[in-house]
Trainee: 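Below: one structure in C-alpha cells.
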Amino acid sequence: MANEPQSPVKDPNYDLISVLEASLKMVFQAETYARDAEQAGDAELADWFRKIQENNRKAGDQGSEMLKQRLQTRAT
C-alpha cells in the first residue's frame, strides 16, 4: 500500500465515496469468484466468497446511508 498514490483530495467524504465504490465493486467480483469456485467443485471457497460478498454489501449499505446523511446535512 505504500506505493499507492495518496488521495488527490483531502476530504473525508471523498474517502467515503472511494471506499463505498470499492465495496460495491467487490460485491460483483465476489459473485464471479463464487461461481468460479462452484464450477471448480470447491463449495468451501464459494461459501467464503459469498461471506465476503455479504460483508461488502453491508458495508456498501452503511456507507450509502452515511453519505446520504452527510449530503443532506450539507444541503441544509
Trainee: Closest approach of A37 and A46, non-hydrogen atoms and distance?
Mentor: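 In this case the closest contact between A37 and A46 is CB-N, 3.6 Å.
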
Trainee: Which residues end up grouped with L45 if you chain together Ile, Leu, Val, Met, Phe, Trp and Tyr wherever their side-chain heavy atoms are less than 4.5 Å apart?
Mentor: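 Traced through the cluster, L45 reaches M26, Y33, W48, F49, I52.
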
Trainee: D47: what forms a side chain to side chain contact (heavy atoms under 4.5 Å, CB included) with it, not counting sequence neighbours?
Mentor: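 By the side chain to side chain contact (heavy atoms under 4.5 Å, CB included) rule, D47 matches no residue at all.
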
Trainee: Under the rule for side-chain hydrogen bond (donor to acceptor under 3.5 Å, both in side chains), what residues qualify as partners of R50, not counting sequence neighbours?
Mentor: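 R50 satisfies side-chain hydrogen bond (donor to acceptor under 3.5 Å, both in side chains) with E31, E38 once adjacent residues are dropped.
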
Trainee: Just to verify, what does L16 make a side chain to side chain contact (heavy atoms under 4.5 Å, CB included) with, not counting sequence neighbours?
Mentor: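 Expected list: M66, L67, R70.
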
Trainee: Who pairs with N55 by side-chain hydrogen bond (donor to acceptor under 3.5 Å, both in side chains), at least two apart in sequence or on another chain?
Mentor: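 For N55, no residue satisfies side-chain hydrogen bond (donor to acceptor under 3.5 Å, both in side chains) once neighbours in sequence are set aside.
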
Trainee: In sequence, state the C-alpha distance, the side-chain angles, and the governing distance for S23 and V19, and then conclude on side chain to side chain contact (heavy atoms under 4.5 Å, CB included).
Mentor: CA-CA 6 Å; S23 292; V19 172; 4.3 Å; yes

Trainee: By the side-chain hydrogen bond (donor to acceptor under 3.5 Å, both in side chains) test, which pairs, at least two apart or in different chains, include something from residues 56-68?
Mentor: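 Listed once each, the pairs are E54-R57.
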
